[in-house]
Amino acid sequence: MKAKIKIFKNTGEIADEFANTLKTLAKAANGKAVHIALSGGSTPKIIFQYLKEKFGKELANPQFHFWWGDDRCVPPTDDESNYKWANELWLKEIEIPLTNIHRVLGENDPESEAIRYAQEIEKHLPFENNLPTFDFMLLGLGEDGHTASIFPNQMELLSSKNTCEVAFHPNTGQKRITLTGPVINNSKFIVFLAIGENKASKVKEILLDQQEDLPASHIQSNTGELIWWLDKNSAQNM
């Protein structure tokens, strides 16, 4: 399925789009759970803050269950934790029930946690194509073309038969827990969020040049829709 592209003026417009998308998904679910995978990075932090300030508890819908596409193997109080910032800037502030927040236990043994988190996902999410199916998957784009924690030197994670794997940052060796390619691609609605001039070259390489050596090039929704949310800077080479 060919990716759609939407270009925004600023992160406020993106946050509005995110909020409206969640509302639409909740309405379509007709009371059933909506499973949302969040990402880390500087832009999501801005979006989380905006969502809290503009929408407040309007998005504290008990249908929403929040997960992470990846996280670093650090405690939840660590500044490198993707969970920490989503929770402190948004989820805790609008009083999302703790039972609806499913974080990676980064303080645990990585190999054991990859298994535990996979089991939690498989317990709560519906299955399609024999894989757990997220309703909304928010992905970031690294300057090296990685997404979630699937790096160019670990392309095998794109085809892993496991729901989660332990990944390694190629430069620091830091361990991370990540969803695998098949699970990401099985999501109903996948959004790549790429903001800033520093992402422009990789956006072009993926969307126009279709370079296959980049993990993000292999993300394609098998069951729904794939869309890129860009700003004018990240889209300048398109």
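From a predicted model like this one, the values you see are computed outputs, not experimental measurements. Basis for what follows: all heavy atoms, side chains included, without hydrogens, waters or symmetry-related copies.
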Worksheet item: Is the backbone N or O of Gln220 less than 3.5 Å from a side-chain atom of Asn185, with the two atoms forming a donor-acceptor pair by type?
Response: yes

Discussion item. I'd like to know if the side chain of Asn233 reaches the main chain of Lys199, judged simply by a donor and an acceptor atom lying under 3.5 Å from each other, with no hydrogens or angles considered.
Written reply: no

Discussion item. With side chain to side chain contact (heavy atoms under 4.5 Å, CB included) as the criterion, how do Leu193 and Ile47 come out once you've worked through the C-alpha distance, each side chain's angles and the decisive distance to 0.1 Å?
Written reply: CA-CA 11 Å; Leu193 181 59; Ile47 290 174; 3.6 Å; yes

Worksheet item: Between Lys202 and Glu205, is there a side-chain N and carboxylate O pair less than 4.0 Å apart?
Response: yes

Worksheet entry | Pair Thr223-Glu128, side-chain donor/acceptor within less than 3.5 Å | no

Worksheet item: Closest approach of Gln154 and Ala167, non-hydrogen atoms and distance?
Response: NE2-CA, 3.8 Å

Worksheet item: Is a salt bridge present between Asp78 and Lys84, judged by a nitrogen-to-oxygen distance below 4.0 Å?
Response: no

Fill in: Enclosure of Lys27 NZ (heavy-atom neighbours >12, cutoff 6.0 Å)
no

Worksheet item: Do Val191 and Ile227 come within less than 4.5 Å of each other through their side chains, counting heavy atoms only?
Response: yes

Worksheet item: Where is the tightest heavy-atom contact between Gln63 and Ala26, given as atom of each residue plus distance?
Response: NE2-O, 3.1 Å

Item to complete: Please state whether the rings of Phe48 and Trp90 are parallel, tilted or perpendicular, taking 30° and 60° as the class boundaries.
Response: parallel

Item to complete: Without swapping roles, check the side chain of Arg103 against the backbone of Tyr83 for a donor-acceptor pair under 3.5 Å.
Response: no

Worksheet item: Do other residues, nucleotides or ligands put more than 12 heavy atoms under 6.0 Å from the CD1 atom of Ile5?
Response: yes

Fill in: Smallest separation among heavy atoms of Glu120 and His102, with atom names
OE2-ND1, 2.7 Å

Practice prompt. Decide if the gap between the ring center of His124 and the ring center of His35 is smaller than 6.0 angstrom.
Written response: no

Item to complete: Compare every heavy atom of Ala19 with every heavy atom of Leu59, then report the nearest pair and how far apart it is.
Response: CD1-CB, 3.9 Å

Worksheet, complete the sentence: Closest non-hydrogen atoms of Val203 and Ala194, given as atom of the first, atom of the second and distance, are CG2-CB, 3.9 Å

